[in-house]
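Chain A is the first sequence line, chain B the second, and so forth, proteins listed ahead of strands; every chain is numbered from 1.
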Number of protein chains: 2
Amino acid sequence: MPAAAATEVDQTWTIREIADEFEVTHRTVRHYEDLGLITPERRGTVRVYHRRDRTRLALILRGKRLGFPLEEIRTIIDLYDRPRGKASQLEYVLDQIDERRTDLEQRRRDLEDAITELGEFERRCRADLDRLA
Amino acid sequence: MPAAAATEVDQTWTIREIADEFEVTHRTVRHYEDLGLITPERRGTVRVYHRRDRTRLALILRGKRLGFPLEEIRTIIDLYDRPRGKASQLEYVLDQIDERRTDLEQRRRDLEDAITELGEFERRCRADLDRLA
DNA sequence: GTATTGCTTTACGTTTACGTCAACGTCAAG
DNA sequence: CTTGACGTTGACGTAAACGTAAAGCAATAC
């Protein structure tokens, strides 16, 4: 038995398999394909998913958990995949990175404020509860 | 001139004023009212917004920036306003707080992962750029 | 007066993110 | 060879979050 079979590097998956694994429906996966977020290989008519597609799907779902619209998510993951041979392209990418970071850091502030407030609120509630006991 | 006028405590605003200030449309503000997220006073037919409404609107918009759906936002800010005289109510509120926190902390992890990845990506880009120079 | 400005409601339109059929192809099992 | 199990492409439906247009009152501006 060849060693390659043990850690199969170019393993592929069917749409049902990745849908189940990422806990989304096949419809969702195909919707992301319609929007150009994933582009699985085609063998004849059938979709074949590679590790690359799984990576992208993970990025998409995290983007969604963070509340980004799918179109915006596409520009982001496209950014990661974009060819950046020339200096001008790299400058552009670095600019985009900066915008992203600004956005993400705003979110982080919002998030930390929310968590802090929640903590203070909890303290008050516990104090009220103690008072009742 | 009475001292109260200097730091007017029960100042009120029109819908246009708060919409402009929070950089949303009046339509948006009214939509939030339709969903029960804000309940401004009515003088006759006209809406009069108090400081309380501004606080709520700020909470709503932060919730939106964090990607929460409006219905979920409503349950959260209702939680903050809910009467909690009895122990059973306080227990309930504390449970809800716990759920909220779990959610927010998941988001924080996602967010920090995203920021980290962005940083690594930037490093690689800068390295590429240096190589070209 | 009336004309404009600002607020109101009602109601239908739009975009995003899928869900939900319907109708069909295909491949291995019985 | 037909029956599933899984795959495919449309095409239409839906919920959320507003946008937009129509039509009306109400106070100030001229």
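- The separation between I15(B) atom CD1 and dT9(C) atom C1' is 12 Å, rounded to whole Å.
- Counting heavy atoms from C-beta outward, R56(A) and D81(A) have side chains that approach closer than 4.5 Å.
- Ion pair E41(A)/R43(A) flagged as a salt bridge, since at least one NZ, NE, NH1 or NH2 atom sits closer than 4.0 Å to an Asp/Glu carboxylate oxygen.
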Discussion item. Return a single string for nucleotides 13-29 of chain D, one symbol per nucleotide in 5' to 3' order, where B is base contact, S is sugar-phosphate-only contact and - is none, cutoff 4.0 angstrom on heavy atoms.
Written reply: ----BBBB---------

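- Side-chain contact check for E33(A) versus L37(A): every heavy-atom pair is 4.5 Å or farther apart.
- Between the CG atom of D34(A) and the P atom of dG19(C) there is a distance of 13 Å, given to the nearest Å.
- For residues 124-133 of chain B, every residue pair satisfying the side chain to side chain donor-acceptor pair (under 3.5 Å) rule, not counting sequence neighbours, is listed here: E122(B)-R126(B).
- As rounded to whole Å, 15 Å separates atom C1' of dC7(C) from atom CD of E41(B).
- The nearest whole Å value for the distance from the CH2 atom in W13(B) to the C1' atom in dC7(C) is 19 Å.
- Under the salt bridge (Lys or Arg N to Asp or Glu O under 4.0 Å) test applied with R65(A), the options D103(B), D110(B), D113(B) reduce to a single match, D110(B).
- The side chain of R47(B) places an N or O atom within less than 4.0 Å of a non-bridging phosphate oxygen (OP1 or OP2) of dT8(C).
- Using a 4.0 Å heavy-atom criterion, one finds that R42(B) contacts the sugar-phosphate atoms exclusively.
- Counting only residues at least two apart or on different chains, the ring pair (Phe, Tyr, Trp, His ring centres under 6.0 Å) pairs with a member in residues 60-95 of chain B are F121(A)-Y80(B).
- In this structure, the CD atom of E33(B) is 15 Å from the C1' atom of dT10(C), given to the nearest Å.
- Rounded to whole Å, atom C1' of dA17(C) lies 15 Å from atom CD of E72(A).
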